[in-house]
There are 2 protein chains.
Amino acid sequence: MDRKPNSQTTAIWVLLNIAHKRVTQTFEAELKRAHLPSAAWYDILWALERAEEGMRQNELERQSLFDQPNLSRTIKRMVDDGLVTQCPAATDRRGRELRITEEGKALRAQMWKVYGGLMLSEIEDKVPAEHLAGLIEGLASMIPDQDEKLQGKLKNARETAINPPKGPC
Amino acid sequence: MDRKPNSQTTAIWVLLNIAHKRVTQTFEAELKRAHLPSAAWYDILWALERAEEGMRQNELERQSLFDQPNLSRTIKRMVDDGLVTQCPAATDRRGRELRITEEGKALRAQMWKVYGGLMLSEIEDKVPAEHLAGLIEGLASMIPDQDEKLQGKLKNARETAINPPKGPC
DNA sequence: ATTAGATACATGCACATGCATCTATTATTT
DNA sequence: AAATAATAGATGCATGTGCATGTATCTAAT
């Protein structure tokens with residue numbers, strides 16, 4: 001190797017790992033403490049709640065960080081728990097049409113109280129304003145532009161910010 | 001809930017997850033492609049290589065992102081692979097004194113060719129200079145200052161930058 | 001010195017993840 | 001129309017992770 005990473009590169013790599021693990025663990029621990037499912041379930045529920053017409057499973061796969069087999073199993077558990085329905089797709093008999101149930105919506109609203117609060121306490125209250133732009137742009141720069149998961153996720157993020165969950169939140 | 005996360009907070013949360021998963025998966029995939037162990041193994045080998053006098057297992061636990069049971073098993077596998085020795089500690093018979101073997105050093109050097117290259121291609125070449133500071137400070141701000149793992153890891157990072165691996169790198 | 005508590009590490013178990021592969025259906029080629 | 005390839009989704013298997021607990025040793029309190 002002719003080049004070696006500089007100290008800022010090393011710091012980013014190290015901090016990315018530590019920050020992600022710490023924030024993630026805090027989220028998961030607090031959700032568990034409230035007897036709620038994991039953050040990944042929230043993301044699925046919220047994606048399906050915004051898709052009024054239902055959503056194909058492969059489309060959800062693109063928008064989520066799940067790989068296909070893992071999403072398949074997760075959806076199965078959510079169906080078993082009555083949070084989601086999974087019907088054969090109308091136009092493609094290979095496919096599955098996913099829809100959130102009323103029970104699923106109720107759970108998502110319940111989760112939002114914890115999940116949204118954690119976003120405030122673990123991120124919004126901690127990252128100083130002068131580093132917001134650098135953090136966001138820096139993180140985004142490590143993700144390929146054509147990344148479909150990013151497009152889906154960012155769309156998700158934008159809509160989350162614009163159309164926050166209604167109800168008692 | 002009286003407050004709700006703003007769009008920047010949402011973006012950080014989403015991007016943190018996506019960027020971490022993407023970068024991590026790239027690292028793991030490339031290491032696997034080169035028939036090398038995971039990045040976590042590299043971190044352990046490098047920590048032990050810098051500890052000339054050997055290192056207690058609980059000290060390594062503080063410096064790594066492993067929790068205790070997981071580190072215990074990982075070390076066992078590394079011992080089985082001849083990369084690390086694990087002797088009873090001299091002063092505390094509960095403890096274990098870890099030391100890297102010559103074979104372990106050789107593997108770490110081998111891994112560095114891939115690992116270091118990935119830090120360059122996935123981070124250094126992608127994050128524009130104007131966002132370096134914001135990214136680093138932003139990530140650090142999400143980690144509690146008194147976090148021992150951070151102290152250990154940052155020390156690690158500093159030394160990695162200051163005393164880069166020798167040899168054919 | 002004895003006991004109670006803390007610490008270091010190991011182990012068992014439940015669950016999540018990544019990867020390869022399988023089946024069913026659709027699309028494409030000839 | 002038949003054959004081939006591509007796609008949607010499910011399943012099996014190996015591995016990793018978090019958490020509770022177990023065992024041994026050390027420390028502190030009485």
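Lettering of chains follows the sequences in order, A, B, ..., and the numbering in each one begins at 1. The figures that follow rest on heavy atoms only: side chains count, while hydrogens, waters and symmetry mates do not.
Put simply, the side chain of B/His20 does not reach to within 4.5 Å of the side chain of A/Met142, judged on heavy atoms.
Following rounding to the nearest Å, A/Lys76 (NZ) and C/dC15 (C1') show an atom-to-atom distance of 15 Å. Protein atom NE2 of B/His20 is 13 Å distant from nucleotide atom P of C/dT17, rounded to whole Å. In this structure, CD1 of A/Ile75 is placed 15 Å from P of D/dA8, rounded to the nearest angstrom. With rounding to whole Å, B/Leu98 atom CG is found 13 Å from C/dA8 atom P. Nucleotide D/dA8 holds its C1' atom 9 Å from the CD atom of A/Glu61, rounded to whole Å. Going from atom CZ of B/Arg22 over to atom C1' of C/dT17 covers 18 Å, rounded to whole Å. When the P atom of C/dT17 is taken as reference, atom CG of B/Asn17 falls 12 Å away, rounded to whole Å. Distance CZ (B/Phe66) to P (D/dG18): 9 Å, rounded to an integer number of Å.
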(message) One pair to check against salt bridge (Lys or Arg N to Asp or Glu O under 4.0 Å): B/Arg108 and B/Glu49. What are the steps and the verdict?
(response) CA-CA 9 Å; B/Arg108 193 208 56 76; B/Glu49 186 161 345; 2.5 Å; yes
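For B/Gln68 against C/dA8, a side-chain-to-base donor-acceptor contact under 3.5 Å is absent. Side-chain N/O atoms of A/Arg56 and base N/O atoms of D/dG9 include no donor-acceptor pair closer than 3.5 Å.
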Considering only nitrogen or oxygen atoms on both sides, find all protein atoms under 3.5 Å from nucleotides 23-26 of chain D and state each distance.
residue : atom : partner : partner atom : Å
D/dT25  : O2   : B/Arg94 : NH1          : 3.4
D/dC26  : OP1  : B/Arg93 : N            : 3.0
D/dC26  : OP2  : B/Arg93 : NH2          : 3.4

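Note on ring orientation: taking the six-membered ring where Trp is involved, the planes of B/Tyr115 and A/Trp13 are perpendicular (angle over 60°, cut-offs 30° and 60°).
Residue A/Gln86 places none of its side-chain N or O atoms closer than 4.0 Å to OP1 or OP2 of D/dA8. Residue B/Arg77 has no polar side-chain atom (N or O) positioned under 4.0 Å from OP1 or OP2 of D/dT15.
Looking at heavy-atom distances under 4.0 Å, B/Glu28 makes no contact with the nucleic acid at all. Counting any heavy atom pair closer than 4.0 Å across all strands shown, A/Gln57 reaches sugar-phosphate atoms only and no base atom. Counting any heavy atom pair closer than 4.0 Å across all strands shown, A/Asn70 reaches a base atom. Contact annotation for B/Glu59: no contact, since no heavy-atom pair falls under 4.0 Å across all strands.
Note: B/Arg56 CZ to B/Arg62 CZ = 9.0 Å, rounded to the nearest 0.5 Å. Put simply, CG on B/Leu118 and OG1 on A/Thr9 are 12.5 Å apart, with the number rounded to the nearest 0.5 Å. The distance from the CD atom of B/Glu130 to the OG atom of A/Ser141 is 9.0 Å, given to the nearest 0.5 Å. A distance of 12.5 Å separates CH2 of A/Trp41 from CG of A/Leu31, quoted to the nearest 0.5 Å.
No side-chain donor-acceptor contact under 3.5 Å links B/Lys32 to the backbone of B/Pro37.
Checked by atom type, the side-chain pair B/Gln57/B/Glu61 shows no donor-acceptor distance below 3.5 Å.
Remark on the helix from C/dA1-D/dT30 to C/dT30-D/dA1: inter-end axis angle 20°, axes from five-pair C1' superpositions, rounded to 10°.
Pairs engaging residues 73-94 of chain A under the ring pair (Phe, Tyr, Trp, His ring centres under 6.0 Å) rule: none recorded [sequence neighbours left out].
Annotation: of the two residues near DNA chain C, B/Asn58 and B/Gln25, the 5′-most nearest-nucleotide partner is B/Asn58. Nearest-nucleotide positions on DNA chain D place A/Arg96 closer to the 5' end than the other of A/Arg96 and B/Pro69. Of the residues near DNA chain C, B/Glu97 and B/Arg73, the one whose nearest nucleotide (by heavy atom distance) lies more toward the 5' end is B/Glu97.
Of the candidates D/dG9, D/dC19, D/dT11, D/dC19 carries the atom nearest the B/Asp67 side chain, counting heavy atoms from C-beta on.
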